[in-house]
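Structure first, then comments.
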2 protein chains.
Amino acid sequence: MILTPSMQNFILHWGEMGSRWGVNRSVAQIHALLHIAPDPMTADEICETLNLARSNVSTGLKELQSWKLVKASRQLGDRRDHFTSIRDMFDLVTAVVEGRREREFLPTIEALRAVHDEAEADGTPEKVKARIKETLDVMQMFDTWYAEISRLSRPMHLTLLKLGGRVARILPKSK
Amino acid sequence: MILTPSMQNFILHWGEMGSRWGVNRSVAQIHALLHIAPDPMTADEICETLNLARSNVSTGLKELQSWKLVKASRQLGDRRDHFTSIRDMFDLVTAVVEGRREREFLPTIEALRAVHDEAEADGTPEKVKARIKETLDVMQMFDTWYAEISRLSRPMHLTLLKLGGRVARILPKSK
DNA sequence: CTGTTGTTTCTGTAATTACAGAAACAACAG
DNA sequence: CTGTTGTTTCTGTAATTACAGAAACAACAG
């Protein structure tokens, strides 16, 4: 596959961004390539296009699949796996947010809960215990909010997105 | 300052979480300490409590101030700076989200815009150009949504948070 | 002036991370 | 059986990152 300069830049920038977002550069580059590739690609094509070792592409694809950002598919008369990224940008955002929640947010809440319980018995000052509890409570509040919102339907999400700040005009009436 | 085991764990976990969130461990630990500290602390006290070099504490405090997570204050009759973290959890979340938006989201949008313009002239296939444009558009849509929502008042934020998924019950009527 | 406080910059080091490339395997088609 | 495809695991290396500690400096109180 031949990359035009702007396609190369897209992949490079996505790779940079990936490393800020906690995904390593190679993995983010593979995702970027699949994201803009018109057709599914095999692992070998990805190796050639990005100049990565096969082992790393294989591992990277696994990781992307675990994030549910990439799917493997088969083509008739070909034994090789063909990989595509999620085509719908909404699904992509959902997958990324969901992944981060599971890997970063929930473990933190869990750890905070453990610390909170531990603090009951080890002579931690009341003020400090209150701070820890408040931190835990607020994080849980945000998590609950997210869980509820994410359960809404796609059209509802779109409505809310388009509505933006105007949601405030509608709400007060109902209070 | 004496740390109980649970306070130590809080700081350690916060430090771990920090490294996942793109802040380095020391910086996250300093923040964790200030977050649960009942009273403002001087740089020296932080050094002692966390066993960090003074230079690193100094740099870390600078970084936390640039994130607006920590403020320096003065006390009568003392020439040293005393540091406190944001006390209000809502302000903290806002500061973190705002910081990440500026450092991770906006640069990406900027880069995408540049790639998008570049793609006009370098023979990038139409399909690929469309993908790039779609990616840019969706990211901008989310950013606009966030910008509008963040402009709402604090009580409105609280209302929305408590409302959670029930916001859906209110909206359809108005369509 | 001296002492205190804090910042910045540099050096060196330990730990971590991100890879390439090799090798061993597994699954399966023909 | 052989050839193809893909995965997993290992070794080695280069690059990066996160520090400690030193040193030089600045600002300022008294």
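All chains are named by letter (A, B, ...) in the order of the sequence lines, taking the proteins before the strands, and each is independently numbered beginning at 1. In this text the structure is predicted, and so the values were computed from the model without any measurement.
- Counting only N and O atoms by type, the side chains of B/Asp122 and B/Thr124 include a donor and acceptor under 3.5 Å apart.
- Atom CG of A/Leu61 is separated from atom P of D/dT5 by 16 Å (rounded to the nearest Å).
- Summarising the geometry, the separation between CZ on A/Arg74 and P on C/dA27 is reported as 14 Å, rounded to the nearest angstrom.
- Taking atom CZ of B/Arg54 as the reference point, atom C1' of D/dC25 lies 14 Å away to the nearest angstrom.
- Atoms CG (B/Asp78) and P (C/dG3) sit 19 Å apart, rounded to a whole Å.
- Candidate nucleotides C/dA20, C/dT7, D/dG6 were compared by shortest atom distance to the side chain of A/Leu52, and C/dA20 ranks first.
- Here B/Asn51 lies in heavy-atom contact (under 4.0 Å) with sugar-phosphate atoms only.
- Taking 4.0 Å as the cut-off between side-chain N and carboxylate O, B/Asp143 and B/Arg101 count as a salt-bridged pair.
- Residue-to-nucleotide contacts include no donor-acceptor pair under 3.5 Å from the side chain of A/Arg80 to the base of D/dT5.
- D/dG6 and C/dC25 make up a base pair, with Watson-Crick or G-U wobble contacts both under 3.5 Å.
- A/Arg131 and A/Glu134 are joined by a salt bridge, as a carboxylate oxygen and a charged side-chain nitrogen come within less than 4.0 angstrom of each other.
- Straight-line distance from the CG atom of B/Asp44 to the P atom of C/dT5: 7 Å, rounded to whole Å.
- Residue-level contact check: A/Asn56 touches the bases, meaning some heavy atom is under 4.0 Å from a base atom.
- An OP1 or OP2 oxygen of C/dC19 is reached within less than 4.0 angstrom by a side-chain nitrogen or oxygen of A/Asn24.
- Residues B/Phe83 and A/Ser55 each lie close to DNA chain C; by heavy-atom proximity, the contact nearer the 5' end of the strand is made by B/Phe83.
- Summarising the base pairing, C/dT13 is matched to D/dA18 through a Watson-Crick or G-U wobble pair whose two defining distances lie under 3.5 Å.
- No salt bridge links A/Lys71 with A/Asp81; every basic N to acidic carboxylate O contact stays at or beyond 4.0 Å.
- When distances are taken from the side chain of B/Lys62 to each of D/dA18, C/dT7, D/dT7, the shortest belongs to C/dT7.
- Position along DNA chain D of the nearest nucleotide to B/Val23 versus A/Ser58 favours A/Ser58 as the more 5'-ward residue.
- Checked by distance alone, A/Arg79 brings no side-chain donor or acceptor within 3.5 Å of a matching partner on the base of D/dT5.
- With hydrogens and angles left out, the side-chain atoms of B/Thr135 and A/His35 include a donor and acceptor closer than 3.5 Å.
- Across all strands shown, B/Ser26 has heavy atoms under 4.0 Å from sugar-phosphate atoms exclusively, and none from any base.
- Partner assigned to C/dG30 is D/dC1, using Watson-Crick or G-U wobble distances below 3.5 angstrom.
- When each of D/dG6, D/dC19, D/dA20 is scored by its nearest atom to the side-chain atoms of B/Arg25, the top-ranked nucleotide is D/dC19.
- Between the P atom of C/dA20 and the CG atom of A/Leu50 lies a distance of 10 Å, rounded to the nearest Å.
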